[in-house]
Amino acid sequence: MSSILLALTPVAKLATMAKAIGVDIGGTGIKAGIVDLEHGTMASDRVRVPTPEGASPQDVLTAVQTVLRTLDVHESTLPLGVAFPAIVKRGKTLSAANVSKEWLDFDAERFFRDGLGRNIVFVNDADAAGVAEARHGAARDVIGLTLLTTLGTGIGSALLYDGVLVPNSELGHLNFREFDSVEKWAATSAREREGLSWEAWAERLQAFYSHIEFLFSPDLFVVGGGVSKNAGDFLPLLELKTPIVPAIHRNNSGIIGAASLAGD
């Protein structure tokens, strides 16, 4: 009997592999997937729907319900993490740069928990991406300060010291030149809106990264967001003292990080 049980153990472990669900809410898209927590990789296809125009709480909740149904995990008991583009403190969203102002000082974690009918972990989206890269990606085992930025509708940031997250940095909202938020000038959305070449956009990124390099003296920059898949078009154009590399998990980092935190 014991020999049969021992023979079945590897199969049993495979069947019970630790997994969690990650949802990444962005300014333009809401993405979700099932994550293999041991390896920090996607265990399902990624599903995506556009972020509803205006991004009000109820409309965003409805979109999240849609991606969970599409994944067929709307009734799952797997841990669920939700990443959101705002300062998140004790479950409340304290900023609303690229979503409805209804999110300001909003009890978002409770809202999603009630709306989805289950417990969740709720976290800033760039912080989630930073956790993914620190545990399973470009920042793994890095000693000192890693500064991750997500380039997309805005610019998110995550600070990690010896792999430990310092939450809710908002470096995309630094005052810069005539802009009250540098992301209005240097985010991917600015490049697309103004039709900038990679070279012209890299000049703006050079100014941004040089500024935060001076402020923080990081040991590593990691660049995430959807545009990280095109890292070869702009990262080699930057001249910094600090190494700068693309996120290994690219635009899945938020999903993987949210799921990882939910699985803790």
Worksheet item: Tell me, do I30 and P52 make a side-chain contact under 4.5 Å, heavy atoms counted?
Response: yes
Worksheet item: So which heavy atom on V88 is nearest to which on N168, and how close?
Response: O-ND2, 2.8 Å
Worksheet entry | Note: R204-E194 ion pair, threshold 4.0 Å (strictly below) | yes
Worksheet item: Does a sphere of radius 6.0 Å around CD in E75 hold more than 12 heavy atoms from other residues, nucleotides or ligands, not counting ones at 6.0 Å or beyond?
Response: no
Worksheet item: Does Q65 use its side chain to pair, donor to acceptor, with the backbone of L116 at less than 3.5 Å?
Response: no
Fill in: Same cluster (ILVMFWY, side-chain, under 4.5 Å), F208 and L237
no
Practice prompt. Determine whether F122 and L80 make a side-chain contact, defined as any pair of heavy atoms from C-beta on separated by less than 4.5 Å.
Written response: no
Worksheet item: What's the spacing between W185 CH2 and L205 CG if we round to 0.5 Å?
Response: 8.5 Å
Worksheet item: With no hydrogens and no angle check, is any side-chain donor or acceptor of H249 less than 3.5 Å from a backbone partner on H136?
Response: yes
Discussion item. Give me the atom names and distance for the closest heavy-atom approach of D162 to G144.
Written reply: OD1-N, 2.6 Å
Practice prompt. Under the side-chain contact (heavy atoms from CB on, under 4.5 Å) rule, what do L151 and S228 come out as? Steps first, then yes or no, please.
Written response: CA-CA 8 Å; L151 302 177; S228 60; over 6 Å; no
Fill in: Common cluster, L94/V166, ILVMFWY with side-chain heavy-atom separation under 4.5 Å
no
Worksheet item: I120 and V123: same hydrophobic cluster, using ILVMFWY side-chain contacts below 4.5 Å?
Response: no
Worksheet item: Judged by modelled atom types alone, do D59 and S56 share a side-chain donor-acceptor pair under 3.5 Å?
Response: yes
Worksheet item: With side chains defined as the heavy atoms from C-beta onward, is the minimum distance between P85 and N98 less than 4.5 Å?
Response: no
Worksheet item: Is any side-chain N of the basic residue among K31 and D24 closer than 4.0 Å to the acidic one's carboxylate O?
Response: yes
Response to the item:
Nearest heavy-atom approach of A247 to S253 is CB-OG, 4.0 Å
Worksheet item: Just checking, any donor-acceptor pair under 3.5 angstrom between side chains of T28 and T51?
Response: no
Practice prompt. Using the side-chain contact (heavy atoms from CB on, under 4.5 Å) rule, take V121 and V82 through it: C-alpha gap first, then chi angles, then the decisive distance, then the call.
Written response: CA-CA 6 Å; V121 169; V82 178; over 6 Å; no
Item to complete: Might you confirm whether atom CZ of R90 has over 12 heavy atoms from other residues, nucleotides or ligands at distances under 6.0 Å?
Response: no
Practice prompt. I would like to know whether S157 and T149 meet side-chain hydrogen bond (donor to acceptor under 3.5 Å, both in side chains); could you show each step before the answer?
Written response: CA-CA 4 Å; S157 62; T149 56; over 6 Å; no
Worksheet item: Do the side chain of E133 and the main chain of A138 share a donor and acceptor less than 3.5 angstrom apart?
Response: yes
Practice prompt. Report yes if the side chains of L147 and F216 come closer than 4.5 Å at any heavy-atom pair, otherwise no.
Written response: yes
Response to the item:
Of L235, L148, L238, the one forming a side-chain contact (heavy atoms from CB on, under 4.5 Å) with V223 is L235
Worksheet item: At what distance, to the nearest 0.5 angstrom, does NZ of K89 lie from OG of S95?
Response: 12.5 Å
Worksheet item: Roughly how far, to the nearest 0.5 Å, is CZ of R48 from OG1 of T70?
Response: 13.0 Å
Practice prompt. Check K92 against D107 and note the closest heavy-atom contact, atom names and distance.
Written response: CG-CA, 3.9 Å
Discussion item. So which atom in G263 and which in L37 form the shortest heavy-atom distance, rounded to 0.1 Å?
Written reply: CA-CD1, 3.9 Å
Discussion item. Using side-chain contact (heavy atoms from CB on, under 4.5 Å), reason through V182 and H173 one step at a time and then give a plain yes or no.
Written reply: CA-CA 6 Å; V182 68; H173 295 293; over 6 Å; no
Worksheet entry | Short N-O contact, D219 and K241, less than 4.0 angstrom | no
Discussion item. Count I, L, V, M, F, W, Y as connected when their side-chain heavy atoms are under 4.5 Å apart, and connections chain through other members. Are Y209 and W201 then in the same cluster?
Written reply: yes
Discussion item. Using the rule given for side-chain contact (heavy atoms from CB on, under 4.5 Å), can you reason through L145 versus L160, listing the C-alpha separation, both sets of side-chain angles and the distance that settles it, and then say yes or no?
Written reply: CA-CA 6 Å; L145 179 63; L160 301 121; 6.0 Å; no
Worksheet item: Does a sphere of radius 6.0 Å around CD in E239 hold more than 12 heavy atoms from other residues, nucleotides or ligands, not counting ones at 6.0 Å or beyond?
Response: no
Worksheet item: Counting only heavy atoms not in D45, do more than 12 sit closer than 6.0 Å to its CG atom?
Response: no
Worksheet item: Is it true that a side-chain atom of N252 and a backbone atom of I255 form a donor plus acceptor pair closer than 3.5 Å?
Response: no
Discussion item. Does F176, at its CZ atom, have more than 12 non-hydrogen atoms belonging to other residues, nucleotides or ligands within less than 6.0 Å?
Written reply: yes
Discussion item. Is the ring pair F111/W103 parallel, tilted or perpendicular, if the boundaries are 30 and 60 degrees?
Written reply: perpendicular
Item to complete: Using atom types as modelled and distance alone, determine if a side-chain donor or acceptor of E183 lies under 3.5 Å from a backbone N or O of G154.
Response: no
Fill in: Interatomic distance, T93 atom OG1 to E102 atom CD [nearest 0.5 angstrom]
10.5 Å
Worksheet entry | Side chains of H211 and L174 in contact at under 4.5 Å (non-hydrogen atoms) | yes
Worksheet item: Taking the side chain from R135 and the backbone from G257, do they hold a donor-acceptor pair closer than 3.5 Å?
Response: no
Fill in: Aromatic ring pairing F234/W198, orientation class (parallel under 30°, perpendicular over 60°, tilted between)
parallel
Discussion item. When you compare the side chain of T62 with that of V64, does any pair of heavy atoms fall below 4.5 Å?
Written reply: no
Worksheet item: Is the side chain of K229 donor-acceptor paired with the backbone N or O of G226 at a distance under 3.5 Å, no angle test?
Response: yes
Worksheet entry | Side-chain heavy atoms of V222 within contact of T146, under 4.5 Å | yes
Worksheet item: Roughly how far, to the nearest 0.5 Å, is the CD atom of E213 from the OG1 atom of T242?
Response: 3.5 Å
Discussion item. Keeping T150 on the side-chain end and A126 on the backbone end, is there a donor-acceptor pair under 3.5 Å?
Written reply: no
Worksheet item: Just by distance, do the side chain of N124 and the backbone of A86 share a donor-acceptor pair under 3.5 Å?
Response: yes
Worksheet item: Does one hydrophobic cluster hold both F214 and L159, with members joined at side-chain heavy-atom distances below 4.5 Å?
Response: yes
Discussion item. Under a 3.5 Å cutoff, is there a donor and acceptor pairing between the side chains of H39 and D36?
Written reply: yes
Worksheet entry | Spacing of CD1 belonging to I21 relative to OG1 belonging to T77, to within rounding of 0.5 Å | 8.5 Å
Response to the item:
In terms of heavy-atom contacts, P236 and A231 come closest through CD-O, 3.4 Å
Practice prompt. Side-chain contact test, heavy atoms from C-beta onward, threshold under 4.5 Å: evaluate it for I25 versus D125 and give yes or no.
Written response: no
Worksheet item: Backbone N or O of A207 within a donor-acceptor pair of the S210 side chain at under 3.5 Å?
Response: no
